[in-house]
Enquirer: 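Have a look at this one.
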Amino acid sequence: VSDASISSRSSSTHEEHITARFGVRNLGIDASFLLAVDLSKFDGMELGPLLFSENILPCMLSTLYSGVNVTKLALSLGNVDPFELKGFSSSGVDDAIASATSALFAEYGDEISAALPVLMDIIGRSTINELMSQDSDGSDSNKSCPDVPESSKDGFVDFRDLFLNATSALEAGGSGDMPYGDMMVLAKRFVDDELVAADPETGLPRVSSLLIGPLTEAQSGESGKLVIAESLFEYSSSSLSTVGVEKMALSLYDAGMNNMDTVQYPLSVMVPSSRHTLDNEFKIGTSTMPLEASMQLAVLLSSDYFDMEDIVNLRVELDTVSIDASIMAMLLAKSLMEFPLSDFGNLNCWLAMISVPELDEDGYSMSETVSLALAQLAMSVDSSKVGVSCVSCMSSGMQELPSIIDSLDGIFSVIVDDFVELMVSVLMSDFTQIQLDRMLNNAASMCPHHEMYVGSAGNSKLYELPEVSFLTTDTFDMFVLSGVGMFEAGLAVLSINLEEYDAGGDEPDALSAENDLSLNIPANIELLDLSEGLIGLLLNETGAYLGGTVEVSDGGGSDLGINVLMRSSVLDEGGSLTLPLSNSSMSIDAENAANKLSVSEIRVFGLDSFKEFGSVSAIGAQTLQVDFVLEEVAIEMDIDLSVFVSDASIS
């Protein structure tokens, strides 16, 4: 061999660093392998070890019943590159090997290419199976899932160490020791890099196109649409014939949210701001694609006056909803690390990882601290619009409803703004906190591996609703405004429909009630006849006085007798008929009547404005007839609001 160096034996050590290379082109692999997972082992595995990436493979292998067994390993390939060895200290050796390899492959390259798949199936498959059955030290013992350090189970989870890498966690005030592994750090990085990051085509967060769009399309069949409830409310009645209504039915259905896939910046998800607090911020909805809450309203009415068989779409459009929420959760590290995979799909068990508050017999926490709460919440809407569109409108009133709602846009915009403020007040109130405490307690009682578990039905004790502490005068104002808006819209629809009503036929029979009564009077009962004798004469004279002109005392000129009588005997000094009400209150919180709506007094004005008053005459034995015209009539009522305002709402 040229340039080769040959020397005598010596005691010195000679080292070579050699690079071996072997390659194939157009490699195809068809493999089959046995993967028999023991469900009892899998269900019994704890979540903690899987939070460390280096434990995932051994933990998964520890659940196998018989180990991984490659049963088929078929290769297809094109050309085989000549085998190479490089790096010998003597260049002559490199050249000799290269020359020999080239000659071999030139002569037998096709045969080698054909033989390699066979060799891989015979030798490679058995070699892989042997390696998979051994531990890293080469022994044939069964693989086991490593335990997590006991220190990782101490106290409550520090979100800074759970979601941030060691350096960032240390800078944020955490330990920086990665006590909960690196998998949640990788998951948080994936969320930030793949979902929060901007889509190059739209400039919007990719969470809309990668997550929200596909999920909503799978649920509703339309990207960005979330179906909340197929049926919300149904009412039907066929017992209103006394007022001329044969049948009435109302239903609200197909409630959902549209344009859910319009998330905007700023967007931040699960950002640890302290040991137990995660900050979240996002915007959703645009001016061209507002976040939309919608539902269908179906109205069926069959009456003597008009018929309705209409379906309309009711919607609230919200342009750019901004939400900034901080969630505080005291998550037990031991519960997280020892969470069994058998309960992975049980939401109650995930909630039960949060420290469960001890409740008294009335369902109130006995601790001064909370373990789950909304630490901070801010919501705002740039603009809003309430709209209606006809899906199938047969009545003229419902056809006009979209225009009616547009004319009331000012009222409904105020209602939406007030509703957003109400939602913030509700979610931040003591009422919600008490319900959260009860929810955590009940979740623990329905989690099979929790010490408080009592069964799938959970804690069967029903607590009374806590005091409603978030209601204010503004809340009642919103309800009143909502009622006024709906009343005005309904009145307009009713009025338009009644325009087409034609009474037709003869006038109603004024003696119909008397005729019906006469058929049911027992023989031993005799009714007073109003049309005969002194009574008939008295009625005629009374009608003549009330409808005639009389002089008003104190030089007040003249007026109809009925007006003079009403002022002197019926009406008060303010010219009204006052109707006091003693039991008209409606309590929102019946236990202590802390929140109360009551009507204390009703006043009727204009009962002394008769312009005409016809005779009072008996047109039948028991039927009187009178006709009159009032110039104006008005009704006033005094409404009292008594609202309990908590210290939290005052601040």
Enquirer: Might you point out which heavy atoms bring R315 and V388 nearest each other, and give the distance in Å?
Expert: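 So the two residues come closest at NH1-C, 3.6 Å.
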Enquirer: For V207, run the side-chain contact (heavy atoms from CB on, under 4.5 Å) check against L267, V196, V269 and tell me which one passes.
Expert: L267
Enquirer: Using a 6.0 Å cut-off, check whether atom NZ of K247 has over 12 heavy atoms from anything other than its own residue.
Expert: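 Count not over threshold, so no.
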Enquirer: Does F419 CZ have over 12 foreign heavy atoms under 6.0 Å away?
Expert: no
Enquirer: With a 4.5 Å heavy-atom cut-off, do S365 and I434 have their side chains touching?
Expert: no
Enquirer: Counting C-beta onward and ignoring hydrogens, is there a side-chain heavy-atom pair between I602 and E636 closer than 4.5 Å?
Expert: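 No - every pair of side-chain heavy atoms lies 4.5 Å or more apart.
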Enquirer: Under the 3.5 angstrom rule, does the side chain of Y265 hit a backbone N or O of K283 as a donor-acceptor pair?
Expert: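 No.
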Enquirer: I need the minimum non-hydrogen distance between A375 and M428, along with the two atoms involved.
Expert: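 Scanning both residues completely, I find the closest heavy atoms to be O-CE, 4.0 Å.
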Enquirer: Do any N or O atoms from the side chain of N258 and from the backbone of S294 form a donor-acceptor pair under 3.5 angstrom?
Expert: no
Enquirer: Got L607 and V570 here, is their nearest side-chain heavy-atom distance under 4.5 Å?
Expert: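 Not in contact.
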Enquirer: What is the minimum heavy-atom distance between P402 and S389, and which atoms define it?
Expert: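 For P402 versus S389, the nearest heavy atoms are CG-CA, 4.4 Å.
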Enquirer: side-chain contact (heavy atoms from CB on, under 4.5 Å) between L374 and I327: does it pass, once the steps are laid out?
Expert: CA-CA 5 Å; L374 265 175; I327 302 173; 4.3 Å; yes
Enquirer: Once rounded to the nearest 0.5 Å, what's the spacing between atom CG of L579 and atom CE of M637?
Expert: 10.5 Å
Enquirer: When you measure from the side chain of T277 to the backbone N and O of S273, does any donor-acceptor pair fall under 3.5 Å?
Expert: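 Side chain of T277 to backbone of S273, a donor-acceptor pair under 3.5 Å: no, none is there.
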Enquirer: Show, in sequence, the C-alpha distance, side-chain angles and deciding distance for D406 and K385, and conclude whether the side-chain contact (heavy atoms from CB on, under 4.5 Å) test is met.
Expert: CA-CA 9 Å; D406 285 343; K385 181 177 178 59; 3.5 Å; yes
Enquirer: Roughly how far apart are L462 CG and R438 CZ, rounded to 0.5 Å?
Expert: 10.0 Å
Enquirer: Would you say F344 has more than 12 foreign heavy atoms packed within less than 6.0 Å of its CZ?
Expert: no
Enquirer: Where the side chain of N259 meets the backbone of E292, is there a donor-acceptor pair that is under 3.5 Å apart?
Expert: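 A pair under 3.5 Å: no.
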Enquirer: Would I619 and L624 count as a side-chain contact (heavy atoms from CB on, under 4.5 Å) here? Give the steps.
Expert: CA-CA 6 Å; I619 60 174; L624 298 178; over 6 Å; no
Enquirer: Does one side chain, of D254 or Q296, offer a donor that lies under 3.5 Å from an acceptor on the other?
Expert: no
Enquirer: If you compare all heavy atoms of N497 against all heavy atoms of G397, which two are closest, and at what distance to 0.1 Å?
Expert: OD1-N, 2.8 Å
Enquirer: Treating Q219 as the side-chain partner and V227 as the backbone partner, does any N or O pair qualify as donor plus acceptor under 3.5 Å?
Expert: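 Yes: the side chain of Q219 pairs with the backbone of V227.
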Enquirer: Consider only side-chain N and O atoms of S609 and E632, and report whether a donor and an acceptor are under 3.5 Å apart.
Expert: no
Enquirer: Look at atom CE of M379 and say whether more than 12 heavy atoms of other residues, nucleotides or ligands are closer to it than 6.0 Å.
Expert: yes
Enquirer: Would you please test E234 and S251 for side-chain hydrogen bond (donor to acceptor under 3.5 Å, both in side chains) and show each step?
Expert: CA-CA 4 Å; E234 290 185 359; S251 62; 5.8 Å; no
Enquirer: Around atom OH of Y364, are there more than 12 heavy atoms from other residues, nucleotides or ligands closer than 6.0 Å?
Expert: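 Atom OH in Y364 is packed in, count exceeds 12.
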Enquirer: So does C393 get a backbone contact from the side chain of Q399, meaning a donor-acceptor N/O pair under 3.5 Å?
Expert: yes
Enquirer: Is the backbone of G285 close enough, under 3.5 Å, to the side chain of T262 for a donor and an acceptor to pair up by distance?
Expert: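 Confirmed, T262 side chain pairs with G285 backbone.
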Enquirer: Test the R189-F163 pair against the cation-pi criterion, namely NZ or CZ under 6.0 angstrom from the six-membered ring centroid and within 45° of the ring axis.
Expert: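 No, cation not above the ring by the 6.0 Å, 45° rule.
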Enquirer: Have a look at R603 and tell me which of T578, D638, D572 forms a side chain to side chain donor-acceptor pair (under 3.5 Å) with it.
Expert: D638
Enquirer: Begin with the C-alpha distance, continue with both residues' side-chain angles, and end with the deciding distance and a verdict on side-chain contact (heavy atoms from CB on, under 4.5 Å) for M248 and V245.
Expert: CA-CA 7 Å; M248 181 174 69; V245 177; 4.3 Å; yes
Enquirer: Rounded to the nearest 0.5 Å, what separates atom CE in M566 from atom CG in D559?
Expert: 12.0 Å
Enquirer: Locate the shortest heavy-atom distance separating A255 from M295; write the atom from each residue and the value.
Expert: CA-CB, 4.0 Å
Enquirer: Would you say that L465 contacts F431 through its side chain, given a criterion of any heavy-atom pair below 4.5 Å between the two side chains?
Expert: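 Heavy-atom side-chain distance check passes, below 4.5 Å.
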Enquirer: If you measure from CE on M446 to CG on N348, what distance do you get to the nearest 0.5 Å?
Expert: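 M446 CE to N348 CG: 4.0 Å, rounded to 0.5 Å.
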Enquirer: What heavy-atom pair brings N280 and D324 nearest, and what distance separates the two atoms?
Expert: O-OD1, 3.3 Å
Enquirer: For D437, is there any backbone N or O sitting under 3.5 Å from a side-chain donor or acceptor partner on N441?
Expert: no
Enquirer: Please confirm whether the backbone N or O of G224 pairs with a side-chain atom of T216, one donor and one acceptor, at under 3.5 Å?
Expert: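 Yes, T216 side chain to G224 backbone: donor-acceptor pair under 3.5 Å.
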Enquirer: Can you tell me if D608 uses its side chain to pair, donor with acceptor, with the backbone of R567 under 3.5 Å?
Expert: no
Enquirer: Determine the interplanar angle of the Y235 and F233 rings, folded into 0 to 90°, and report it as parallel if under 30°, tilted if 30 to 60°, perpendicular if over 60°.
Expert: parallel
Enquirer: In the structure I gave you, are the side-chain heavy atoms of M439 and L372 within less than 4.5 Å of one another anywhere?
Expert: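 With C-beta onward as the side chain, the pair touches.
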Enquirer: Determine whether the side chains of D319 and S287 contain a donor N or O and an acceptor N or O closer than 3.5 Å.
Expert: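 Per modelled atom types, D319 and S287 side chains form no pair under 3.5 Å.
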Enquirer: Would you give the length of the straight line joining atom OG of S392 to atom CG of D310, rounded to the nearest 0.5 angstrom?
Expert: 7.0 Å
Enquirer: Please work out whether the ring planes of H276 and F159 are parallel, tilted or perpendicular, with thresholds of 30° and 60°.
Expert: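 Because their plane-to-plane angle is over 60°, the rings of H276 and F159 count as perpendicular.
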Enquirer: Rounded to the nearest 0.5 Å, how far apart are CD of E246 and OG of S237?
Expert: 12.0 Å
